[in-house]
Amino acid sequence: MKAPETIRAALVQAAARLGVPNVDVTIERPRDVTHGDLATNLALTLAKTLGQKPRAVAERLVTALDLPPSLVRKTEIAGPGFINFFLAEAQVVGVLPSIIAAGSDYGKSDVGRGRKINVEFVSANPTGPLHVGHGRGAALGDGIAALLEWTGWNVTREFYVNDAGTQIDKMARSLWARVQQATGRKAEIPEGGYHGEYLTELARQILEKEGKGFADLPEAEGLRRCREIGIRAERDEQDADLHEFGVRFDLVSFESAMYKRKLIEATLAELDKHGHTFTADGALWLRTTELGDDKDRVLKKSDGTYTYLVPDIAYHRDKHERGFVRAIDVWGADHHGYIPRMRAALQALSYPQDFFHVEIVQLVRVMRGGEEVRFSKRAGDFVSLRDLFEETGVDAARYFFLMKRGDSQFVFDVDLAKSQTEENPVFYVQMAHARMSGIFRVAGRDAASVSAEGVDLSVLTQPVEIELVKELAEFPEVLRRAAAAYEPHRVTAYLEGLARIAHAWYHKYRVLGEPEEAARLVLARAIKQVLANGLTLLGIRAPERM
RNA sequence: GCGCCAGUAGCUCAGCUGGAUAGAGCGUCGGCCUCCGGAGCCGAAGGUCGUGGGUUCGAAUCCCGCCUGGCGCACCA
């Protein structure tokens, strides 16, 4: 059993002796090293129920505690009533062999217990190339999915294609217009259509492949073909971009399939069965106001067609039917107003509150040379994801998207992402990994062959070494917390912190040729492993050399 | 007008879901640097946590009001 669990159990027992059974004990790692390795606020929380002063409770708890000196070398009461534990040296350094033994699995845990969870992200309309905002969603969604995998969830990465709505009609009409223009005819891109060059190019390809006669097709037929070809072409392009960006989906779902599979009718019937629909003004409504929304929403318009809400509900119902206990959606900030009605709809189907969770991604601004690079999908003059990662490299692009919370506004500094200096956080972290690798290269040893077997780790006594070991021990907990909060940026923050200590250690102490060489090689190996695990999880390379 | 999100060091951001003296990086200032792999290393200064109240042993964190910014308020997606 690990030290925190042993101490937790001992505290529960001690509290029981004071007459408070089954307490919930929180153990934390104090920021300040003078506060020990582990601490608990148990005395403060029990003070009220026991009707005694916190410090008095702390003293009684410590007296009732039963902990072996091989685990805890010192226990003290501090501040308002915290109990601080100082672990025996062997305990601290003892994490190194377990890191090496776990290898590329170090950091994994099983809080998910194999439960099925769905992470839906990007889900861009097939109306054009992906832009940098999609890239942020892609990196974030993939990062969240990876965190969930590392914490024991059975994850499905899913992409939802809106291929049945009016945006597709506009794309098809825009493409048809480009086809007409390419044959010298006059045609206008429709109001709110897509002006991007990519459709001009696609129109040219169509005529090349299908012949000039394509432009003479009856309009209805031309539009139908344009829709079909356009969706296919844009989907293929998006897939290629995502693939190169290192993001792979387990499943792509289509809005049109909700109609084909008759899920629309089934969903409406079920909403009706639960008594949440009503008819007014010739339309069918969902009474979402009773479920936290600020106004009721139309499901079926008076012209007989459905609003986009219906296939979306059907789609989420389908996720539920497929056995997911939770559905995480990564959405752009412009959709955040949509959350209450979606939540209300799923509540109307009486799904559990925590079934549906949305992570919002704010839009991305791109800066180069101190100036903002403008983009606008509709106008066709935007920064595409491909342009970005071809310039900065996939590693830098992914890292930058991941290093900030999704809901913070974000300015992507292209110059910084490209720079090969320590100001660039991705470079800084990768450099730390490369440095650790360099030690083994110079030593002429394969890092993987280094084991803690028979190595006296007690020679690792320098403060920075102890700090490093403690930081390495934190990794699994960091992942658990990051996963629980759906916040990959906590991993980048952790990696930067670890890299900083590793750089400091590297500069201050030599490994090879020192009396502590064997132990320091073990430490270097563990650092390398944790940096590699963290980077790999985020979809970023851990290079052997820069 | 209503709703959601944000406001923390000069700048960019963390802050472990209520804990101890609020932390990093960049920038500034002061020292150091013949190296396993160079683009460094160490230290210092720098804060009314937007603001005013409330909750309690304890608040950047939770609640309410206000200020500022972003986004959203369709029988569009």
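So that the names make sense, note that chain A is the first sequence line, chain B the second, and so on, each numbered from 1. Just so we're clear, the structure is a prediction, and the values are computed from it rather than from any experiment.
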- Would you check, one step at a time, whether the test side-chain contact (heavy atoms from CB on, under 4.5 Å) holds for A:Val414 with A:Val383? CA-CA 12 Å; A:Val414 173; A:Val383 182; over 6 Å; no
- What does A:Ala283 touch in the nucleic acid at a heavy-atom separation under 4.0 angstrom: a base, only the sugar-phosphate, or nothing? base
- Query: How far, in whole Å, is B:A14 from B:A9 if one measures between their P atoms?
  - Reply: 12 Å
- Message: Using a 4.0 Å heavy-atom cut-off, does A:Asp413 contact any base of the nucleic acid, only the sugar-phosphate backbone, or nothing at all?
- Response: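 Nothing, no nucleic acid heavy atom in range.
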- Message: Work out how far the P atom of B:U56 is from that of B:U61, and round it to whole angstrom.
- Response: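 The answer is 16 Å between these two P atoms.
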- Query: What integer distance in Å separates A:His35:NE2 from B:G23:P?
  - Reply: 11 Å
- Item | Separation between the P atoms of B:U8 and B:G69, rounded to whole Å | 14 Å
- Message: So, using ring-ring contact (aromatic ring centres under 6.0 Å, His included) as the criterion, who are the partners of A:Phe159 when residues are at least two apart?
- Response: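 A:Phe249.
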- Item | Chi-based syn or anti call at B:U17, which uses purine or pyrimidine torsion atoms and a 90° bound | syn
- Query: Would you say the side chain of A:Thr307 and the base of B:C75 hold a donor-acceptor pair, judged only by whether the two atoms sit under 3.5 Å apart?
  - Reply: no
- Pairwise side-chain contact, A:Arg405 with A:Gln362, heavy-atom cut-off 4.5 Å (strictly under): no
- Sort out for me which residue in A:Leu535, A:Leu147, A:Leu402 forms a side chain to side chain contact (heavy atoms under 4.5 Å, CB included) with A:Val491. A:Leu147
- Task: Cation-pi check, A:Arg525 to A:Phe440: give yes when NZ or CZ is under 6.0 Å from the six-membered ring centre and within 45° of the ring axis, no otherwise.
- Result: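 Here A:Arg525 fails the 6.0 Å and 45° test against A:Phe440.
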- Query: Got a sec, which pairs hit salt bridge (charged side-chain N to carboxylate O under 4.0 Å, His left out) with one end in residues 122-135 of chain A, sequence neighbours left out?
  - Reply: none
- Check whether any side-chain N or O of A:Lys295 sits under 4.0 Å from OP1 or OP2 of B:C2, and answer yes or no. no
- What pattern of brackets, bars and dots sums up RNA chain B from 5' to 3', given Watson-Crick or G-U wobble pairs under 3.5 Å, [ ] for crossing pairs and | for another strand? (((((((..((((.....[...)))).(((((.......))))).....(((((..]....))))))))))))....
- Item | Between A:Tyr194 and A:Gln167, a side-chain donor and acceptor under 3.5 Å | yes
Produce the list of close N/O pairs, under 3.5 Å, pairing protein atoms with atoms of nucleotides 54-62 of chain B; give distances to one decimal.
unit_1, atom_1, unit_2, atom_2, d
B:C57, OP1, A:Lys48, NZ, 3.2

- Assign A:Asp169 to base, sugar-phosphate, or nothing according to its heavy-atom contacts below 4.0 angstrom with the strands shown. nothing
- When you compare B:G19 with B:C76, how far apart are their P atoms, in angstrom units rounded to a whole number?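 B:G19 and B:C76 have their P atoms separated by 47 Å.
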- Task: Write down the distance separating the P atoms in B:G15 and B:A60, rounded off to the nearest Å.
- Result: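 Comparing P positions in B:G15 and B:A60 gives a spacing of 16 Å.
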- Message: Please enumerate all residues that pass ring-ring contact (aromatic ring centres under 6.0 Å, His included) together with A:Tyr306, with sequence neighbours excluded.
- Response: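 By the ring-ring contact (aromatic ring centres under 6.0 Å, His included) rule, A:Tyr306 matches no residue at all.
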Run the side-chain donor-acceptor check on residues 425-436 of chain A: report pairs under 3.5 Å with partners two or more places apart or on a different chain.
unit_1, atom_1, unit_2, atom_2, d
A:Gln430, NE2, A:Asp395, OD2, 3.1
A:Gln430, NE2, A:Arg541, O, 2.9
A:His433, ND1, A:Pro543, O, 2.8
A:Arg435, NH1, A:His503, ND1, 2.8
A:Arg435, NH1, A:His507, NE2, 3.3

- Message: Going by salt bridge (charged side-chain N to carboxylate O under 4.0 Å, His left out), name the pairs with one or both residues in residues 122-141 of chain A, residues two or more places apart or in two chains.
- Response: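 Found none.
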- Query: So which of A:Ile144, A:Val361, A:Val330 actually passes side chain to side chain contact (heavy atoms under 4.5 Å, CB included) with A:Phe121?
  - Reply: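 Filter result, single survivor: A:Val330.
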- Results of ring-ring contact (aromatic ring centres under 6.0 Å, His included) for A:Phe400 - residues two or more places apart only: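 Result, ring-ring contact (aromatic ring centres under 6.0 Å, His included) vs A:Phe400: A:Phe412.
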- Note on the structure: Each nucleotide of nucleotides 36-42 of chain B classed B (base within 4.0 Å of a protein heavy atom), S (only sugar-phosphate) or -, in 5' to 3' order, makes BBSBSSS
- Ring of A:Phe82 versus six-membered ring of B:A20: centres under 5.5 Å and planes under 30°? yes
Any N/O pairs under 3.5 Å between the protein and nucleotides 3-9 of chain B? List them or say none.
unit_1, atom_1, unit_2, atom_2, d
B:G3, N2, A:His336, NE2, 2.6
B:C4, O2, A:His336, NE2, 3.2
B:A6, OP1, A:Arg405, NH2, 3.2

- Rounded to whole angstroms, how far apart are CZ on A:Phe400 and C1' on B:G25? 12 Å
- Message: According to salt bridge (charged side-chain N to carboxylate O under 4.0 Å, His left out), does anything in residues 501-510 of chain A pair up with another residue at least two apart or in another chain? List the pairs.
- Response: none
- Task: Using ring-ring contact (aromatic ring centres under 6.0 Å, His included) as the criterion, list what pairs up with A:Phe86, not counting sequence neighbours.
- Result: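 For A:Phe86 there are no ring-ring contact (aromatic ring centres under 6.0 Å, His included) partners, ignoring immediate neighbours.
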- Item | Residue mapping more 5' on RNA chain B - nearest nucleotide basis, A:Ala493 or A:Ala164 | A:Ala493
- Task: Tell me what A:Thr166 touches on the nucleic acid: a base, only sugar-phosphate, or nothing, going by heavy atoms under 4.0 Å.
- Result: sugar-phosphate
- Message: Need to verify one output field. Residue with the more 5' nearest nucleotide on RNA chain B, A:Leu309 or A:Phe410?
- Response: A:Phe410
- Message: Ring centres within less than 5.5 Å and planes less than 30° apart: is that true of A:His489 and B:A14 in this structure?
- Response: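 Here the ring of A:His489 and the base of B:A14 are not stacked, as the 5.5 Å and 30° limits are not both satisfied.
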- Query: Can you check whether A:Arg490 has a side-chain N or O nearer than 4.0 Å to OP1 or OP2 of B:G15?
  - Reply: yes
- Can you say whether the rings of A:Tyr486 and A:His357 are parallel (under 30°), tilted (30 to 60°) or perpendicular (over 60°)? tilted
